[in-house]
Amino acid sequence: MTPRPLRFAFGHISRRLWAGGYNYQRNLFAALARFLPGEFVPVVFAGTGADEHELAELAAIPGVEVVRSEAFDGQPGLAAALGLGLDRGAAAAFRAARVDVVVEAARFFGWRLAIPAVAWIPDLQHRSMPQLFPTTARWRREIGFRVQIASGRTIMLSSESAFRDFKAYYPHARNRVSVVRFATQPPAAFLNTAPSEVIASYGLPESYFYLPNQFYRHKNHQLVVDALTILKERGTNVVVCASGSTEDRREPGYYDLVNSVVQKRGLEAHFRHLGVIPLPHVYALLRASTALLNPSRFEGWSTTVEEAKSFGVPMILSDIDVHREQTSGAARYFGVDDPVALADHLMQASRDAHGLVVRDVVAHQDESVSAFAANFAATMRQAAD
């Protein structure tokens, strides 16, 4: 007798608010469908106002189910989860959907939740860089993690770097901890868009560096602007193409601040921000870029780095532990406060570029994605036992 698929709940992550989180879900569900067909049913729980297109894209992945519920309009049951031990609305939705395991992503459903739960903690940025969080937001996040730990949740982390942080910040935690490294398999349908056409549509030159990060302060766009200023003074013409949301609820004016510096220094032709663009365009620009650029001061496990790896795109990355872990030294690195080093890397990589090169998925990518699916699957099964 064939056992029925394990059904796990995952709250919808808005691409507008966190593109990396949305891409994580999409890639995870696709990897499970491809490498472990019929063994898992991801059930995505979304609020009534969630983006229709995003949900349709997830629902199109084999095996994925989408449930809309008012219990996921914001976090209406959080106070009850903390005070009484149970978010009743969410728990009822889980029962109705016959969920076996719940993945808690930036949300706590209560220590009295009768269904096994896995707390996904992508990173501990609020502890490593507390200055980037308003006091209330920082404590809300910290309390959330502490109640998940106290409730005995299985903890799922995205990197060994995050695991070291977890042990350092919560040395007395006795939870089962699983490190599940994310890997990406770009959907074939997203690779049909001709990069040369996308490049032309945005008025980009043949040689450019791609920076697909949302405008959060820790993503460190300002360092890139400083490096471009240095290159302009050297008489070197380098273009950085950026894409991603400008919305940061923690610091709403950050994008305007960076953009004002770009304009003040006359760098409009060198720093091009395209906003939120379609995913096929993201992949097209990445595949044809001179190099991926990620100057971030902090990452849990960088989605953009994984996507660059999947195509064998050269990378110029901030010298942080997780970037070293992800790339095993196979990139150019610069200090997070060293615009001169970044400028040198950009100049050298630009000189080494030889016309338009469009890359395809690397041969060994299936192995990485299969391992990602297997590690996630093992974590879910272990939690369900």
Going by heavy atoms in the side chains, are [X] and [Y] under 4.5 Å from each other?
X    : Y    : result
F311 : V361 : yes
L211 : H221 : yes
V305 : H323 : yes
P212 : L286 : no
L231 : L346 : yes
S245 : Y255 : no
E247 : P252 : no
H273 : T246 : yes

**Request:** Please say which of N375, V180, V103 ends up in a side-chain contact (heavy atoms from CB on, under 4.5 Å) with M380.
**Result:** V103
Partners passing salt bridge (Lys or Arg N to Asp or Glu O under 4.0 Å) against [X] (at least two apart in sequence or in another chain):
X    : result
E104 : R153
R140 : none
E70  : none
R176 : none

Does the pair [X]/[Y] count as a salt bridge with the N-to-O cut at 4.0 Å?
X    : Y    : result
K219 : E299 : yes
R265 : D226 : yes
E251 : R217 : yes
D123 : R141 : yes
D319 : R324 : yes
R181 : E325 : yes
E52  : R68  : yes

**Asked** Under the 3.5 angstrom rule, does the side chain of R287 hit a backbone N or O of R359 as a donor-acceptor pair?
**Response** yes
**Prompt:** Side chain of N27, backbone of P186: donor and acceptor closer than 3.5 Å?
**Reply:** no
**Message:** Run the side-chain contact (heavy atoms from CB on, under 4.5 Å) test on V238 and H270 for me, step by step, so that the C-alpha distance in whole Å, both residues' side-chain angles and the decisive distance to 0.1 Å come before the verdict.
**Reply:** CA-CA 6 Å; V238 167; H270 303 277; 5.5 Å; no
Can you tell me how far the [atom1] atom of [X] sits from the [atom2] atom of [Y], to the nearest 0.5 Å?
X    : Y    : atom1 : atom2 : result
F40  : F29  : CZ    : CZ    : 12.0 Å
K232 : L267 : NZ    : CG    : 5.5 Å
S158 : I121 : OG    : CD1   : 10.0 Å
L78  : F109 : CG    : CZ    : 10.0 Å
D337 : L342 : CG    : CG    : 12.0 Å
N213 : N220 : CG    : CG    : 10.0 Å

Quick one: side chains of residues 164-171, donor-acceptor pairs under 3.5 Å with protein atoms, not counting sequence neighbours, listed by atom name and distance.
from : atom 1 : to   : atom 2 : distance (Å)
Y169 : OH     : S128 : OG     : 3.2
Y170 : OH     : E142 : OE1    : 2.8
Y170 : OH     : E142 : OE2    : 3.3

**Request:** Please identify each residue that fulfils side-chain hydrogen bond (donor to acceptor under 3.5 Å, both in side chains) with K309, with sequence neighbours left out.
**Result:** E306
Would [X] end up clustered with [Y] when hydrophobic side chains under 4.5 Å apart are linked, directly or stepwise?
X    : Y    : value
L223 : L132 : no
L279 : V198 : yes
L58  : L6   : yes
V313 : L191 : yes

**Request:** Let me see the working for R234 and D344 under salt bridge (Lys or Arg N to Asp or Glu O under 4.0 Å), right down to the final yes or no.
**Result:** CA-CA 11 Å; R234 293 178 183 175; D344 291 342; 2.9 Å; yes
**Message:** Going by side chain to side chain contact (heavy atoms under 4.5 Å, CB included), name the residues that satisfy it together with D385, two or more places apart in sequence or in a different chain.
**Reply:** none
**Message:** Using the ring-ring contact (aromatic ring centres under 6.0 Å, His included) definition, which of the options Y24, W301, W120 pairs with F182?
**Reply:** Y24
**Complete:** Heavy atoms of F108 and A81 approach each other most closely as O-CB, 3.5 Å
**Request:** Check the pair R138 / R127 against side-chain contact (heavy atoms from CB on, under 4.5 Å), numbers first and verdict last.
**Result:** CA-CA 8 Å; R138 185 174 71 251; R127 294 295 298 269; over 6 Å; no
**Request:** Sort and list the pairs that fulfil salt bridge (charged side-chain N to carboxylate O under 4.0 Å, His left out) and have at least one residue in residues 361-378, not counting sequence neighbours.
**Result:** R34-D366
Can you give the donor-acceptor pairs under 3.5 Å from side chains of residues 94-102 to other protein atoms, not counting sequence neighbours?
from : atom 1 : to : atom 2 : distance (Å)
D100 : OD1    : R4 : NH2    : 2.5
D100 : OD2    : R4 : NH1    : 3.2
D100 : OD2    : R4 : NH2    : 3.3
D100 : OD2    : R7 : N      : 2.8

**Asked** Which side chain to side chain donor-acceptor pair (under 3.5 Å) pairs, counting each pair once, include a residue from residues 191-205, with sequence neighbours left out?
**Response** Y202-H281
Report all side-chain donor-acceptor pairs from residues 82-90 shorter than 3.5 Å, counting only partners two or more places apart or in another chain.
from : atom 1 : to   : atom 2 : distance (Å)
D87  : OD1    : G89  : N      : 3.4
D87  : OD1    : A90  : N      : 3.1
D87  : OD2    : R107 : NH2    : 3.0

**Request:** Would you please say whether a donor-acceptor pair under 3.5 Å links the side chains of S310 and T184?
**Result:** no
**Item:** Side-chain donor-acceptor pair present, T304, N294, cut-off under 3.5 Å
**Value:** yes
**Item:** Worked verdict on D321 versus R297 for salt bridge (Lys or Arg N to Asp or Glu O under 4.0 Å)
**Value:** CA-CA 10 Å; D321 286 349; R297 292 178 177 274; over 6 Å; no
**Prompt:** Can F8 and F376 be said to form a ring-ring contact (aromatic ring centres under 6.0 Å, His included), step by step?
**Reply:** CA-CA 11 Å; F8 67 89; F376 180 86; 5.2 Å; yes
**With sequence neighbours excluded, residues passing ring pair (Phe, Tyr, Trp, His ring centres under 6.0 Å) with H218** = Y216
**Request:** Check the pair H345 / Y333 against ring-ring contact (aromatic ring centres under 6.0 Å, His included), numbers first and verdict last.
**Result:** CA-CA 8 Å; H345 283 315; Y333 304 96; 8.3 Å; no
